[in-house]
Amino acid sequence: MSSNAGNSADRTNDAWESEGKNKSMENIDIIPAGFTREYRVLAEVCASMSSGFVLLNQQEHMVYSNPSAQRLLGLYQGNQATAEDFDIRQHLLSLVADPRQARSELELAWSHSEREYATDLALADVAVRWLRVRVFPVHSERGYMLGRGVIFDDITLERSALETRRETLALAAHELKTPLAIIKGCATTLLGGSARWDPAMQREMLQMIDAQSDRLYDVLNTLLDMWRLDTGAQPLRLTQVHIPELLQQLVKRWHLQAGSHRFVLDVYPSLPMVTCDVVRVEQALNHLLENAVTYSSSGSVVTIRAEANDVEVRIGVSDEGVGIAAEQLDRIFDRFYRGKQQEEHSDGSGLGLAAARATVEAHGGRIWADSLGVGQGATFYFTLPFMPRALTTAAPPAALVAGTAEVPALPKQSGRPALFRRDRRVRVLLAESDSRLTRYLRANLEEQQYRVQTVSHGVQFLRQLDLEEPDVILLSTRLADMSGVELLQRLREFSRTPVIMLADECDEDERVQIFDLGSDDLVVKPFGMKELLARVRALLRRQPSNTEPTNNQTNFSTGELTIDYAQHLVTVKGRTVQLSKIEYKLLSVLAQNVGMVVTHELLLEKVWGPEYNRDVDFIWVYISRLRRKLEEDSRRPKYIVTVPDVGYKLVKL
């Protein structure tokens with residue numbers, strides 16, 4: 001620094017100290033006309049701050065304000081931003097929504113001249129709704145009071161988030177309070193004098209306790225899922241999904257479930273495959289369809305549309321119902337929020353749309369609602385990128401396991417990745433809608449070292465079979481959306497996995513029907529856990545061993561396709577491909593006859609058994625799945641080729 005600059009800075013400091021010593025001095029030139037280098041640097045720093053900064057002398061005259069302060073306080077060039085008679089406290093009082101309360105807060109801040117003080121002010125009729133004001137003293141190097149610094153921060157979003165959390169907690173408490181009150185009332189009544197109530201009344205109260213307990217469980221479980229999705233703690237199990245097929249299945253089920261409504265599907269069948277968590281996307285669609293059915297009258301039309309551009313698919317669900325007021329469109333996806341029209345038509349928890357938003361946003365998509373107004377119906381739209389952004393930014397598509405994957409990806413480890421290590425435990429698929437029975441069965445099965453996957457809906461059951469074929473299935477006759485007997489019938493169209501039916505009370509004819517439809521065993525509720533576990537073991541003992549090579553070969557390869565028989569591991573270009581048990585057996589049979597045509601009948605007999613040797617549709621379904629997982633272009637396969645009217649051949653490359 002030059003000596004002149006240093007002398008200028010000393011004179012500035014002396015001027016501030018002189019003002020501190022003699023408070024009666026006015027109109028002193030605190031900032032010299034020839035700015036020092038230090039002042040210029042500080043001014044540039046303050047000018048780039050997002051926080052507003054104002055410097056006051058002891059007479060509370062504004063000697064400096066940065067652009068952010070001028071913006072937050074509504075001060076502009078040519079205004080009173082630098083006028084000596086400008087009173088910053090009076091200006092703040094002119095902006096606040098409650099001047100009386102703000103006056104006491106500001107007086108308290110200014111009265112603490114020797115320490116920092118902060119307060120939050122609610123503003124009115126300005127873009128900034130909440131302003132945090134922090135006042136602190138400015139001292140010289142010698143300890144004299146030179147003036148005050150005031151920092152302003154826009155905390156509108158922070159306060160809005162806080163208010164939203166408070167409102168959500170209050171609504172959650174109210175939502176949980178109602179079922180708790182019913183449970184408490186019924187329990188108290190039964191305990192107080194159960195002898196006075198006839199068995200029918202006691203059963204009714206117990207049913208109320210049971211129903212309200214399930215409602216509590218659903219609300220808490222939905223809240224927990226949304227929290228996990230919001231924080232990224234809930235991984236997405238990704239698989240490639242054909243959206244038209246998914247929507248067709250949903251519409252078919254809702255035709256049965258809500259027969260009083262008419263469902264119309266408008267979708268292009270050639271939409272590209274979407275990589276997503278199919279179970280959660282189905283849940284989101286079910287929430288939107290349930291919303292459409294709930295808030296529209298019987299006989300009305302619910303329309304589902306799907307279209308795509310170069311990067312994403314957009315799905316819309318339209319109804320002809322009560323509609324949504326314009327001022328409610330921004331809040332309709334808030335947790336527990338229900339507008340006036342919604343409150344009149346439903347006693348739900350108000351979590352369905354919020355859960356749908358959490359799922360869509362976890363995939364990197366967007367969701368919004370549109371309505372012409374009350375009584376004009378509503379349309380809910382959401383988008384799904386073809387590949388979630390978490391994958392496209394974190395790893396190339398080749399790193400995605402064909403079939404399923406989890407986001408976020410697991411960290412790399414030495415040796416074989418943990419995601420691809422073969423779990424040799426027996427796989428059990430449990431399909432049961434009773435959540436308490438599900439938890440009980442799962443705990444006992446896992447104690448026996450079984451790997452258990454649970455579902456409560458039929459569509460989840462079918463999707464889980466598509467992802468991975470279990471060793472044994474425990475299937476309840478009553479699921480949340482369809483009959484277990486219907487599912488058993490559909491299952492036997494493409495799989496011979498052993499099934500134990502968990503049946504409600506049924507007579508002999510019903511049990512005979514279940515066995516004739518393909519059940520391997522049956523137990524009637526309530527049943528003993530020891531007996532059920534024994535039946536599972538007996539079924540597993542009767543199962544034939546997996547198809548393996550008949551020679552001493554441990555590895556097979558053709559082109560860039562490799563089968564490791566010892567590890568039951570299939571790779572393409574070094575990328576591990578996850579196959580179901582049936583897919584692996586089918587590929588193994590083709591590999592044993594590489595270069596030769598294997599007839600439909602032989603494939604059916606080797607993979608499914610001799611009783612299936614005429615069900616060619618089985619092969620077509622699984623060959624299509626194999627090609628999607630193994631081939632670069634499943635429409636132009638280079639590994640598994642079709643020999644028309646005869647069978648298939650695995651090409652030796």
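For the numbers below, each heavy atom of this structure counts, side chains included, while hydrogens, waters and symmetry mates do not.
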Please tell me if the side chains of Leu502 and Thr477 come closer than 4.5 Å, counting only heavy atoms from C-beta onward. no

What distance separates Leu445 CG from Gln453 CD, expressed to the nearest 0.5 Å? 13.0 Å

Looking at CZ of Arg490 and OG of Ser483, how far apart are the two atoms once the value is rounded to the nearest 0.5 Å? 11.5 Å

Could you tell me the separation between the CD atom of Glu631 and the OG atom of Ser624, rounded to the nearest 0.5 Å? 11.5 Å

Take Tyr565 and Ser588 through the test side-chain contact (heavy atoms from CB on, under 4.5 Å) and record every step on the way to the result. CA-CA 9 Å; Tyr565 291 113; Ser588 296; 3.9 Å; yes

Looking at Tyr450 and Val536, what are the two nearest heavy atoms and their distance? OH-CG1, 3.9 Å

I'd like to check Tyr648 versus His600 (side-chain heavy atoms, cut-off strictly below 4.5 Å). Are they in contact? yes

Does Asn593 reach the main-chain N or O of Met596 with its side chain, forming a donor-acceptor pair under 3.5 Å? no

Got Thr562 and Val570 here, is their nearest side-chain heavy-atom distance under 4.5 Å? no

With the side chain counted from C-beta on, respond yes when Pro244 and Leu271 share a heavy-atom pair under 4.5 Å apart, and no when they do not. yes

Residue pair His261 / Ser300: nearest heavy atoms and the distance that separates them: CD2-OG, 3.4 Å

Just wondering, do Ile367 and Phe380 contact through their side chains at under 4.5 Å, heavy atoms? no

Quick one: does any side-chain atom of Arg305 pair with a main-chain N or O of Leu265 as donor and acceptor, under 3.5 Å? no

Quick one: CD on Gln448 to CG on Leu533, what's the gap to the nearest 0.5 Å? 5.0 Å

Does a donor on one side chain and an acceptor on the other come within less than 3.5 Å for Asn286 and Arg253? yes

Over all atoms of both residues, closest heavy-atom pair of Leu590 and Leu603: CD2-CD2, 4.1 Å

What one should report as the nearest heavy-atom pair of Ile209 and Ala187 is CD1-N, 3.9 Å

Short question: side chain of Glu510, backbone of Asp507 - any donor-acceptor pair under 3.5 Å? yes

Set out, in order, the CA-CA distance, both residues' side-chain angles and the distance that settles side-chain contact (heavy atoms from CB on, under 4.5 Å) for Leu285 and Leu246, then state yes or no. CA-CA 10 Å; Leu285 284 165; Leu246 171 63; 4.1 Å; yes

Do Arg451 side-chain atoms and Arg427 backbone N/O form a donor-acceptor pair below 3.5 Å? no

Verdict with supporting geometry, Lys629 and Glu583, salt bridge (Lys or Arg N to Asp or Glu O under 4.0 Å): CA-CA 10 Å; Lys629 294 180 179 182; Glu583 291 165 350; 2.9 Å; yes

Rounded to the nearest 0.5 Å, what's the gap from CG on Leu441 to CG on Asp434? Could you check? 9.0 Å

Would you find a donor on one side and an acceptor on the other, under 3.5 Å apart, between the side chain of Ser476 and the backbone of Leu479? no

Flag the pair Leu474 / Leu429 as yes when at least one side-chain heavy-atom distance between them is below 4.5 Å, and no otherwise. no

If you round to the nearest 0.5 Å, how far is CD1 of Ile304 from CD1 of Ile243? 13.0 Å

Among Gln240, Glu282, His363, side chain to side chain contact (heavy atoms under 4.5 Å, CB included) partner for Cys276: His363

What I'd like to find out is whether the side chain of Val577 reaches to under 4.5 Å of the side chain of Thr571, using heavy atoms alone. no

Relative to the ring of Phe263, is the ring of Trp254 parallel (under 30°), tilted (30 to 60°) or perpendicular (over 60°)? tilted

Determine, step by step, whether His457 and Gln283 satisfy the side-chain contact (heavy atoms from CB on, under 4.5 Å) criterion, reporting the C-alpha distance in whole Å, the side-chain angles of both residues, the deciding distance to 0.1 Å, and the verdict. CA-CA 10 Å; His457 291 70; Gln283 290 173 346; over 6 Å; no

Any donor-acceptor pair under 3.5 Å from Asp471 side chain to Val426 backbone: no

Distance only, no hydrogens: is a donor on one side chain within 3.5 Å (strictly under) of an acceptor on the other, for Lys649 and Thr642? no

Run the numbers on Leu569 and Tyr584 for side-chain contact (heavy atoms from CB on, under 4.5 Å), then give the verdict. CA-CA 9 Å; Leu569 185 68; Tyr584 178 80; over 6 Å; no

With a 3.5 Å distance limit and no angle check, can you tell me whether Asp520 reaches the backbone of Val499 through a side-chain donor-acceptor pair? yes

Testing the basics here: between Ser433 and Arg478, what is the closest heavy-atom pair and its distance to 0.1 Å? OG-O, 3.0 Å

Less than 4.5 Å apart, side chain to side chain, heavy atoms only: is that true for Leu587 and Leu630? yes

Are there over 12 heavy-atom neighbours, none belonging to Arg442, within less than 6.0 Å of that residue's CZ? yes

Is the NZ atom of Lys252 crowded by more than 12 outside heavy atoms at less than 6.0 Å? no

State, to 0.1 Å, how close Asp521 and Ser519 come at their nearest heavy-atom pair, and which atoms those are. O-OG, 2.6 Å

